[in-house]
Amino acid sequence: MTNTYKGKTAIISGAASGIGLALAKEFGSLGMNIVMADIEQDALEAAAQTLKSEGLSVLPCTLDVTSYEQWETTVEKALATFGKLHMVVNNAGVGGIPGAIEETNTDTWRWVVDVNLMGVVYGTQAATPAIKASNEGGWIINVASMAGMGGVPYSAAYAATKAAVVSMTESWAQELYSHNIHVSALCPAFVKTRIHESLRTQQSQYKTQAPKANPERLKKGFGKAAALVESGIPAELLAKRVVEALDSKQTYIFTHPNYRSSVAGRSKALDAAFDDAQNSELVKHLINDEITSL
């Protein structure tokens, strides 16, 4: 089988640990040049050194994904070092702070939206012109979550941003098809990462408000999140699954087939809602109208 990745260049955000590091190793082992980007500089340098010692082609770049200027700098460094860019993996993300509606303050919402949503927007906007300029096609991989396929109680900010990532992926997949740029949303369930420890990287601008939940409830929430994450699949297995799914041109990359019934339940509810609209005396006359698109 032809190795379509050999000699190509990828930028991977959140590459110092977890899913990002596993993807860096996997794509690096396939012969890609890997720009490892992460906000945790010490962890990034250590991870990059490990991959270099394994003979992989690696360039570490410190990156806060909430800064478009830093994204531009990362793309510039990738081009200056490797000449072309073919892939961006928008992986950096945070889990937020578990809590009920009334316990989730605006700092938490801004933090989760800026990292999980705007970080993906910035990464895609900064990288796409360079990927187009390669004239060799490429890939955009946006790390969403199974939470992007349905709401999650007490994690509304996280679920909302992951749903947005799925929707953006669907839009960009159509937009970039003619440029031979394949766009995928990676939607795993639980993976052994450090996402339950996201507060370790929380930037100072998102710490202006005290948590609304009492300490005991916060401890319980983080403890439950940690247990779920620790029960997840290895990140290395996920990375191999990503390559497998890219090779078969998947737009949605699923790693946990056991969640199929959950997503099917949502589809069933949507069908029921359409049935309700079709039977409505107010709007049933629209059933045969032509579907329009931009």
Side-chain angles (χ1 to χ4, degrees), residues 88-91 93 95-96 100-102 104 106 109-110 112-125 127-128 131-132 137-190 238 241-242 244-294:
V88 62
V89 182
N90 290 304
N91 165 69
I101 298 168
E102 64 274 18
T104 307
T106 54
W109 273 99
R110 288 192 305 111
V112 177
V113 168
D114 285 353
V115 176
N116 292 1
L117 174 55
M118 295 312 300
V120 174
V121 173
Y122 293 158
T124 304
Q125 287 185 329
T128 297
I131 298 174
K132 286 181 177 180
W139 305 266
I140 296 171
I141 304 171
N142 299 319
V143 179
S145 167
M146 192 53 63
M149 294 289 160
V152 179
Y154 306 103
S155 295
Y158 179 79
T161 56
K162 295 305 183 179
V165 169
V166 172
S167 183
M168 291 190 303
T169 298
E170 294 167 337
S171 300
W172 293 333
Q174 298 175 67
E175 179 181 339
L176 296 174
Y177 178 81
S178 63
H179 296 275
N180 194 28
I181 299 174
H182 183 78
V183 189
S184 297
L186 171 57
C187 301
F190 295 106
L238 174 143
R241 169 62 187 144
V242 168
E244 178 184 60
L246 289 182
D247 288 345
S248 61
K249 302 293 185 182
Q250 299 301 305
T251 299
Y252 311 96
I253 301 177
F254 291 148
T255 58
H256 290 69
N258 53 316
Y259 278 76
R260 183 172 190 166
S261 60
S262 175
V263 176
R266 185 189 192 198
S267 298
K268 184 177 180 180
L270 293 174
D271 278 339
F274 273 117
D275 286 340
D276 186 67
Q278 187 172 336
N279 293 325
S280 166
E281 294 299 327
L282 296 173
V283 297
K284 68 180 183 181
H285 64 283
L286 300 173
I287 185 64
N288 293 318
D289 279 15
E290 182 181 353
I291 297 175
T292 58
S293 59
L294 295 177

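No experiment lies behind these values; they were computed from the predicted model shown.
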So, for W109 and A160, which heavy atoms are closest and what is the spacing to 0.1 Å? CZ3-CB, 4.5 Å
Verify side chain to side chain contact (heavy atoms under 4.5 Å, CB included) between V89 and W139, making sure each step is shown before the conclusion. CA-CA 8 Å; V89 182; W139 305 266; over 6 Å; no
Who pairs with N116 by side-chain hydrogen bond (donor to acceptor under 3.5 Å, both in side chains), at least two apart in sequence or on another chain? T161
Salt bridge (Lys or Arg N to Asp or Glu O under 4.0 Å): pairs with one or both residues in residues 160-175, sequence neighbours excluded: none
Please list, chain by chain and in numerical order, all residues satisfying side-chain contact (heavy atoms from CB on, under 4.5 Å) with L286, sequence neighbours excluded. V283, D289
Can you list everything that forms a side-chain hydrogen bond (donor to acceptor under 3.5 Å, both in side chains) with E244? Sequence neighbours excluded, please. R241
Exercise: identify the closest heavy-atom pair between G150 and A159: O-CB, 4.4 Å
Quick one: CG on L117 to OG on S167, what's the gap to the nearest 0.5 Å? 10.0 Å
Distance, nearest 0.5 Å, that separates CD1 of I140 from CG of L176: 5.0 Å
On a heavy-atom basis, which atom in A147 and which in V152 lie closest, and how many Å separate them? CB-CG2, 3.7 Å
Tell me every residue that passes ring pair (Phe, Tyr, Trp, His ring centres under 6.0 Å) with W172, counting only those two or more places apart in sequence or in another chain. none
List the residues meeting side-chain contact (heavy atoms from CB on, under 4.5 Å) with M118, not counting sequence neighbours, and say none if there are none. D114, V121, Y122
Under the rule for side-chain hydrogen bond (donor to acceptor under 3.5 Å, both in side chains), what residues qualify as partners of Q125, not counting sequence neighbours? none
Close side-chain approach of L246 to I141, heavy-atom, < 4.5 Å: yes
Would you please name every residue forming a side-chain hydrogen bond (donor to acceptor under 3.5 Å, both in side chains) with T106, sequence neighbours left out? Q209
Compile the donor-acceptor pairs under 3.5 Å between side chains in residues 254-265 and protein atoms, sequence neighbours left out, one pair per line.
unit_1	atom_1	unit_2	atom_2	d
H256	ND1	A189	N	3.2
H256	NE2	F190	O	3.3

Applying side-chain contact (heavy atoms from CB on, under 4.5 Å), name anything that partners A163, two or more places apart in sequence or on another chain. none
Side-chain heavy-atom pair V143, V165 within 4.5 angstrom cut-off: no
Side chains of V120 and M168: does their closest heavy-atom pair fall under 4.5 Å? yes
If you draw a 6.0 Å radius around CG in L270, do more than 12 non-hydrogen atoms from other residues or ligands fall strictly inside? yes
Please report the closest heavy-atom contact between G138 and I131, naming both atoms and the distance. CA-CG2, 4.1 Å
Enumerate the residue pairs fulfilling side chain to side chain donor-acceptor pair (under 3.5 Å) with a member in residues 265-280, sequence neighbours excluded, ordered by first and then second residue. none
For residues 178-187, which side-chain donor-acceptor pairs fall under 3.5 Å, sequence neighbours excluded?
unit_1	atom_1	unit_2	atom_2	d
H182	NE2	S184	OG	3.1
H182	NE2	Q250	O	2.8
S184	OG	Q250	O	2.7

